[in-house]
Every structure is written in structure tokens, then in C-alpha cells.
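In what follows, a single structure is set out as C-alpha cells and then discussed.
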Amino acid sequence: MCSIFAIDGKTVSKEKLQRLFARTHSRGPDMSRMIEIPCGYMGFHRLAIMGLDKRGMQPFRLGNNFVVCNGELYGFRPLRDRLMAKYSFVSQSDCEILLPLYEEYGLDMFRALDAEFALVLYDEKLGGLVAARDPIGIRPLYYGLLPQGGIAFASEPKNLAGLCDSILPFPPGHYWADGAFVRYADPARADQYIMAEEPVVCAQLRRLLLAGVKKRLDADAPIGFLLSGGLDSSLVCAIAAREIKKPIRTFAIGMDTDPIDLKYARQVADFIGSQHTEVIITKHDVLSALPTVVELLATYDITTIRASIGMYLLCKYIHEQTDIRVVLTGEISDELFGYKYTDFAPNPSAFQREAEKRIRELHMYDVLRADRCISVNSLEARVPFGDLAFVRYAMAIDPALKMNRHNMGKYLLRRAFAADHLLPENILWRQKAAFSDAVGHSLVDHLKALAEETYSDSEANERCARYRHARPFTKESLLYRELFERFYPGQSAMIAGFWMPNKTWPGCNVNDPSARVLANYGESGK
């Protein structure tokens, strides 16, 4: 994934900055560098994915401008070919084209990028830093003001803890220049709806997802795939298997007592002919991983923590037992096409507002989970459903078409690929099951039991009342909040609050984010 760091100011020693930056070395274990720039310092931990030799090491420099970027720039080769008429390149790294692009287009560059990125550059003309993040926030970036004056940016909040009093996520789809944030993109917003019939919409969804997967298969390092057996990851794997035309490597995880996903993932793997690995975990694995997971996530959110334990342990296995460096995942489909709880949306307008909210907050929840669980294990995540063209199109579809009108969530996406026969029929039309539940209901049950053992009722009530922002409301949420405060005291504002169903909708006024507590869970957990 790589890790970036930049600071505007020289009141902190380089040695201290290097110690803080070393906290995210696992994001980029191949090479590390911190340099002094005119206004401060820049650092980079590299995970080599494109252009594997040392010439691809950052920061890149053009004249007196510098840049560090954690990102993948899709379709960069034609851009580089055009730029070669005016600029020289020393590596095969996609990120080397950024400074020439900035030289040509300035701040307008960010609107034109087809990329997942977080970057900081030094602009000699401005005499300071410019920072930017991709429109969805797939790549992480945080910032904080220094007590002595100046600003610092980093891939993770742990790099800024002890340096900045307040640490906040850099808003997706924004750039920061001349001391102000400017929004350059908002993919959650549709200026007008696409009022087309189902067959037309499905055909376009199919075309865009095929393209989104294909472009994410471009890597100079080995690729693997996370396969839950649900619709989203199964589609990504099946499309990739057909595109690559040789067995891909797929990985699934489940509890030792009651796994749900494993049998479905195995069916998909057999159908597409993948080289498949199952990872089995126990109660001890789950409870032992909890503090580590909270620290690496930098969140107290219930859903994110539950779902991260399985993903973290699966990626840990991939890192320790294989040579894979890049993994493709199925995140973001739910936010676009609906969860179990969006079946309760009272009307299309409410459905659309909820989707907009979820897309804008993705960087604090599902996207954060995928980034941290994967990057802490020195892997890079790629998210085809987060392809910008796909997201923009899906968000512009008439929301009346996206609502559950056929007793089947994500109907449009399923129908889009029905004629391809990429998947077994029972997988293509399988009801949604949340990842943390489908790893095994016992995973969540063990976590709840730990919280019950930790606090009495009176103690839990007293401790929950101590918090004003995002106040815990169950013993489990209190357990996570106290772990979070151990690692990031006073920084709860990094997360907006708890990911929960929309409690204003009938049937959704629940105190547990699991779909298991909803009346329409039905066959999802079988």
C-alpha cells in the first residue's frame, strides 16, 4: 500500500519524525526514505507494485518540486507516453507522472485522475505543501496542525499521534492548497438520474465492472483475491479468472465451529477453477486479535471491528504464507446497491439519500477496514466496485430501480451478469450475509461474551456516560471504545460515529448493526 508523510515546518527534529513515521513501516517494507524539503520534510515507505526496482522509490522530484503518493494511477502508460515528448522518466512507476501532470495542469490535475491515491507535493511557486485524496477515500490520508504552527499529513493517525493535538481524516475528493480545502469531486452526488430501463442499466453496469476489474489486474507483483462466497467478491474473482485465463489464487476464512461463507466460497472456487485456500480460525484467534485490530483500525465502530477481525487474520495468513502483494476485494457494492436494512427504505428518495451518506462516509468504515487489514500485512488492496466511473454511474441510476423490488437485494447487479454464467446460479442469487456474520456467528458471539464478562451493568452505564462524542450504548461498544482510547486518547472525532441502520426507518430502530437482528435476515445466515 505504501505510507506517506509530510510536514510543513522544521520545529520538530528529523529524528523524531522518523520515529513517528516508522510506526507504519509495514505499509511499505521494501524501502524507506525521509528527505528535507524547503518547507519541511517528506517521507515514504514503499511497497513495490509497479516498477519494482529502486528507481521507483519516492519522493519524486521535478526541478524544485517534490511529491509522495500512495496510489495506483490507472491507464498511466498512455499518459506517460504523451508526457515523454517533454519530460524524462527514470522508472516504470505510475506515480512518477504526477509532477509532470501537475506542471501541465496544476490543481486541475486532480479532477482528471483515474486513480486511487493520497498524495502530498511541495510546490516551489506556492512555497508550501499541496495535498489531495481520491474522490472516495480508498487511499488513507490524515492531517493535523502542529502546536508550534504548520501542518502535517500522514497515511495513518498513528504517525501523527504525539505530534498533533487533533488528528482528522483528510476529506475525500478534496485538495488542500494555500491553507484551505477545496472539493474537486463528489461521486456520491448525481446531478440528474439515468431514467433508463433495466436492460440498458444492467448492460452498462456489466461493461463498467468488467473494465474496473480488468484495469486492477495490472501489476508487476503477484495478485490474489479475497473470496467470501457472497455476490460481490465472487463476481470480482469470476471476472478476473476469465480475464487472466489461468487459475487465480483465492482465499476464504471461517470459524472452526460454524462457518457460513466457506462452503459458498468453495463452490465458487471450484466453478471458476481457482487455486483456493481456506483459513480456519478459533475463539482464541478472534479474542487475541481484538486489541491489535482496534489499534490498526483506529476506530471504535462496532461493525468495522467485527468485520475486520476475519479480514485481518486472512491477510495475515496471505502475508506469511505466500508471495502475494496485491489483493482484490468486493467492498463498496453494498453502499451502492443496498444492504439488508435498505430494504426498509420508505421511498426511492430516502434510499438515495442513504446511499449518498454511505458513499461519503466510506473512508471511515468499510474502506478503512480494507485498507488497514490489508496494508498492515504489507499488501495492497484494489477495489473494483470503487472504480470511479462505476460509482458515478451506479449513483446516477434511478433509485426506484435500485430498491428491493424483486425480494432480492442488488437485483440490477445480479441481472447484469445473469447471461454470462460466470457463477453458479445459487451464488449469483444468494441472499446477502454480512461478512462478520458469515465468517461464523460465533465470532460476534465471542466478542459479545467478552464484553459481558468485562463489565457489570452498573459499571457499563457509568463508563458509557463518560463519553460525549459517539457515546457507547452497549457493553460491546464500550469495550471497543476503551481499547480505542488506550491507543488514540481524545481522538474520537476521527470517526463520525457508529455505522448503524437508519433508525428513523420502520424496522431499523435496533441497537446492533448486524443484519441478524433485522426481520428480513431470513436465509442470509444459512
Side-chain angles (χ1 to χ4, degrees), residues 157-158 161 165-168 255 257-258 281-310 312-313 339-341 344 361 364-366 368-369 372 434-437 439-519 521 525:
K158 65 177 67 172
D165 293 335
S166 177
I167 305 166
L168 292 171
M255 294 295 294
T257 55
D258 60 345
I281 56 176
T282 66
K283 173 184 177 180
H284 174 76
D285 295 326
V286 170
L287 299 185
S288 297
L290 178 59
T292 298
V293 166
V294 173
E295 181 181 15
L296 69 90
L297 292 173
T299 189
Y300 44 82
D301 178 61
I302 305 164
T303 300
T304 307
I305 292 168
R306 288 177 178 178
S308 292
I309 290 176
Y312 164 72
L313 292 170
Y339 300 82
K340 297 298 290 186
Y341 84 87
F344 297 94
E361 293 181 350
M364 292 183 283
Y365 302 107
D366 276 14
L368 181 150
R369 165 172 57 89
R372 300 299 196 282
F435 179 64
S436 57
D437 289 328
V439 170
H441 287 169
S442 60
L443 184 151
V444 173
D445 294 341
H446 293 321
L447 293 169
K448 286 183 172 181
L450 174 62
E452 285 292 334
E453 296 165 7
T454 303
Y455 308 105
S456 67
D457 291 348
S458 59
E459 185 179 22
N461 291 334
E462 186 274 325
R463 292 194 179 199
C464 286
R466 296 176 183 176
Y467 300 100
R468 296 193 176 187
H469 174 253
R471 177 172 292 171
F473 54 93
T474 63
K475 292 179 182 179
E476 184 188 8
S477 62
L478 175 62
L479 176 65
Y480 301 158
R481 181 58 177 270
E482 293 197 335
L483 283 170
F484 171 87
E485 294 292 338
R486 181 193 305 175
F487 300 115
Y488 304 98
Q491 300 293 344
S492 68
M494 291 191 297
I495 307 296
F498 296 100
W499 192 107
M500 292 288 291
N502 189 327
K503 291 191 174 190
T504 65
W505 292 351
C508 294
N509 189 14
V510 295
N511 281 326
D512 191 304
S514 171
R516 268 201 281 171
V517 304
L518 300 176
Y521 190 59

[Y] and [X], any side-chain heavy atoms less than 4.5 Å apart:
X      : Y      : result
Lys475 : Asp457 : yes
Tyr365 : Thr303 : no
Ser492 : Glu485 : yes
Val294 : Leu290 : yes
Ile281 : Val439 : yes
Lys283 : Thr257 : no
Gln491 : Pro157 : no
Pro472 : Tyr467 : yes

How long is the gap from [atom1] on [X] to [atom2] on [Y], to the nearest 0.5 Å?
X      : Y      : atom1 : atom2 : value
Glu482 : Arg466 : CD    : CZ    : 6.5 Å
Leu297 : Ile495 : CG    : CD1   : 8.5 Å
Lys448 : Ser442 : NZ    : OG    : 12.5 Å
Arg306 : Trp499 : CZ    : CH2   : 11.0 Å
Glu452 : Leu479 : CD    : CG    : 11.0 Å
Arg481 : Arg471 : CZ    : CZ    : 10.0 Å

To check you understand the geometry: which heavy-atom pair defines the closest contact between [X] and [Y], and what is its length?
X      : Y      : result
Ala161 : Ile167 : N-CD1, 3.7 Å
Ser308 : Val293 : CB-CG1, 3.7 Å
Lys340 : Ala515 : CG-CB, 3.8 Å
Cys464 : Thr474 : SG-O, 4.4 Å
Ile302 : Ser477 : CD1-CB, 3.7 Å
Asp445 : Arg516 : OD1-NH2, 3.4 Å

Show the numbers, then the answer: is there a side-chain contact (heavy atoms from CB on, under 4.5 Å) between Asp512 and Val510? CA-CA 6 Å; Asp512 191 304; Val510 295; 5.6 Å; no
Go through the steps for Thr282 and Asp285 under the test side chain to side chain donor-acceptor pair (under 3.5 Å), then give the verdict. CA-CA 5 Å; Thr282 66; Asp285 295 326; 3.2 Å; yes
Only counting residues at least two apart or in another chain, list the ones meeting side chain to side chain contact (heavy atoms under 4.5 Å, CB included) with Glu459. Tyr455, Ser456, Arg463
Under the side chain to side chain contact (heavy atoms under 4.5 Å, CB included) test, residues paired with Asn509 that sit two or more places apart: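 Asn509: side chain to side chain contact (heavy atoms under 4.5 Å, CB included) contacts with Lys503.
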side-chain contact (heavy atoms from CB on, under 4.5 Å), that's the test. Do Ile305 and Leu447 meet it? Break it down for me. CA-CA 10 Å; Ile305 292 168; Leu447 293 169; 5.5 Å; no
Hey, is Asp366 close enough to Arg369 for a salt bridge, meaning N to O under 4.0 Å?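 Here Asp366 pairs with Arg369 in a salt bridge, since their nearest N and O are under 4.0 Å apart.
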By the side chain to side chain donor-acceptor pair (under 3.5 Å) test, which pairs, at least two apart or in different chains, include something from residues 289-300? none
Suppose we screen for ring-ring contact (aromatic ring centres under 6.0 Å, His included). Which residues come up paired with Tyr488, at least two apart in sequence or across chains? Phe484
ring-ring contact (aromatic ring centres under 6.0 Å, His included) against Phe487, all qualifying residues, sequence neighbours excluded: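 Partners of Phe487 by the ring-ring contact (aromatic ring centres under 6.0 Å, His included) criterion come out as none, since no residue qualifies.
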More than 12 heavy atoms of other residues, nucleotides or ligands under 6.0 Å from NE2 of His469: yes or no? yes
In chain order, what residues pass the salt bridge (Lys or Arg N to Asp or Glu O under 4.0 Å) check against Asp165, with sequence neighbours excluded? none
